[in-house]
Number of protein chains: 2
Amino acid sequence: MLKKERQALIIKQINLHNKVLSSDLSLTLNVSEDTVRRDLHELAQENKIIKVHGGALSKSYNVTSQQSDTYAYEEKNIIALKTISLIKEGMTILTSGGTTMRAIARALPSNLKATFITMSPLIALELIEHPNLEVILLGGKLSNDSKISVGGEVVNRINEIKADLCILGINGLDFDGITDSDWEIVQVKKAIINASRVVIASTISEKLNSALRLKVCNLKEVDYLITELPSDSPTLLAFKEKVNHIL
Amino acid sequence: MLKKERQALIIKQINLHNKVLSSDLSLTLNVSEDTVRRDLHELAQENKIIKVHGGALSKSYNVTSQQSDTYAYEEKNIIALKTISLIKEGMTILTSGGTTMRAIARALPSNLKATFITMSPLIALELIEHPNLEVILLGGKLSNDSKISVGGEVVNRINEIKADLCILGINGLDFDGITDSDWEIVQVKKAIINASRVVIASTISEKLNSALRLKVCNLKEVDYLITELPSDSPTLLAFKEKVNHIL
DNA sequence: CAGGTAAATGCAGGTTTTTGCGTTTTTTGA
DNA sequence: TCAAAAAACGCAAAAACCTGCATTTACCTG
């Protein structure tokens, strides 16, 4: 067995069980404990696992760095699955940034063939992991806090596109429409909506009934409102008449 | 048996089993292990397989998000510091992708004010963490394996730029110049070099004296060659007359 | 077609990696 | 505090690797 192969198996074990024992690995891999220890040591040096006395632990097990993108993890996963049900083979899809969108990108089926256009480098990198997708990244000046490309160039470019679908991450949504707090982002979102035949607004229910400073669009421009709640939830009832479809 | 034919068989084997052993291949193909090794080496340089001690692995074998970005960590950090010493306040800097470039991006002083232009979303995201930098991300079709924007649009855009500096990640460099294995990337790199007053080539010494299929530029176009080695190292001696400055 | 050039391959050697095994040191838990 | 488990250290053998070189083969070119 190749060394790298063995180390990959160790990583797999750790991701599965969140921990491994040197003695266990020695048995299952048929190598001496010394070799296992050396492997664990190497992987630890490469920052892939956490070495402890007797074995090793998964890194994510006690890492605090990126909890923001797992905030409301369950909810966002439900939203992702609902949103994905609207995506069909061969579509051209415009998307903005946001952690909800990231959950969607991650949950896409790997055999899906489609074209995604996005101004978020983060989303683009998630999407490119799916080998059958074509990913177009819109460039421009990167916004420091939202981490997406903004500016006239992006808006111009979006205006040249006609997409089948757009998936909008939402920061504020109430009866009066969709709102946001950053002027540049609002411009981009307006352009996206304009360039797409069908508009999907995906958001956790927490953001419903909250309004921010700047208006993006009216609810009647939204074709689908997707939240983690069942479509007959009382929270959503009030939106029924304003939005075309609620999932 | 033809060389190409043999290499095709190797690829087939790897796709089938996710790995191959040099010794196995030597037997089944009826050639010496040296020849197998040379084949594997070539395929690895062309980015088709991953060469490891004892054989090779399929590229998709363990695509956990960020495994190889700590390879040669120490070396890359030295390179980063040397490279940074050439960056001055207010400069406009063009950069490609690559893990060495990523190490540089991470090591930048946080008070540096400068404009960075890149076609790599990964690098862009690293750079944007530095609050005083302006980051321009060049968009386009994302290349599946190199994870940078490629295509005519990117090249066109680069041609509109005049930068003070470009920092080139290197895949192959010998007396005859800088080489790479992907046609699209070569186009982008050529454009970058053309658009910059000063060209820096940063690479770990491992990649010196290795040549890939496609030529990017001659050494005389390179102003600074930066490696982790001290500038009077014998390995670098031979490059002294070809490159303007060696750090 | 002769002669020259370049590519491909195998081989000899020296070097580096990998691995297991004693031995010694450190950690852990009672 | 002590003994068992785990880790670290040093060593040696085997496997894999690299480098340079010689041989063969294919490919030009006049």
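Each chain gets a letter, A, B and so on, in the order the sequences are listed, and its residues count up from 1. Only heavy atoms go into these numbers, but all of them, side chains included; no hydrogens, no water, no symmetry mates.
Heavy-atom contacts from other residues, nucleotides or ligands closer than 6.0 Å to NZ of B:Lys162 number more than 12.
Using a 4.0 Å cut-off between a side-chain N of Lys or Arg and a carboxylate O of Asp or Glu, A:Glu33 and A:Arg37 qualify as a salt bridge. Comment: B:Lys3 does not engage B:Asp39 in a salt bridge, judged by the lack of any side-chain N to carboxylate O separation of less than 4.0 angstrom.
For A:Ser23, there are no side-chain hydrogen bond (donor to acceptor under 3.5 Å, both in side chains) partners, not counting sequence neighbours. Residues meeting the side-chain contact (heavy atoms from CB on, under 4.5 Å) test with A:Lys51, sequence neighbours left out: A:Leu40, A:Ala44. Residues satisfying the ring-ring contact (aromatic ring centres under 6.0 Å, His included) test with B:His245, not counting sequence neighbours, are B:Tyr224.
Closest-nucleotide positions on DNA chain C for A:Val31 and B:Asp39 were compared, and the one nearer the 5' end corresponds to B:Asp39.
For B:Ser96 (side chain) and B:Gly169 (main-chain N/O), a donor-acceptor pair under 3.5 Å exists by modelled atom type.
A nucleotide of DNA chain C counts as in contact with chain A when one of its atoms lies under 4.0 Å from a heavy atom; the first and last such, 5' to 3', are C:dT18 to C:dT28.
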- Task: Encode nucleotides 8-22 of chain D as B, S and - characters from 5' to 3', where the letter depends on protein heavy atoms closer than 4.0 Å: B to the base, S only to sugar-phosphate, - to neither.
- Result: -B------SBBB---

Under 3.5 Å, which donor-acceptor pairs do the side chains of residues 122-138 of chain B form with other protein atoms, sequence neighbours left out?
from, atom 1, to, atom 2, distance (Å)
B:Glu126, OE1, B:Arg106, NE, 3.4
B:Glu126, OE2, B:Arg102, NE, 3.2
B:Glu126, OE2, B:Arg102, NH2, 3.4
B:Glu126, OE2, B:Arg106, NE, 3.3
B:Glu126, OE2, B:Arg106, NH2, 3.2
B:His130, NE2, B:Ala105, O, 2.8
B:Asn132, ND2, B:Ser110, O, 3.1
B:Glu134, OE1, B:Thr115, OG1, 3.4

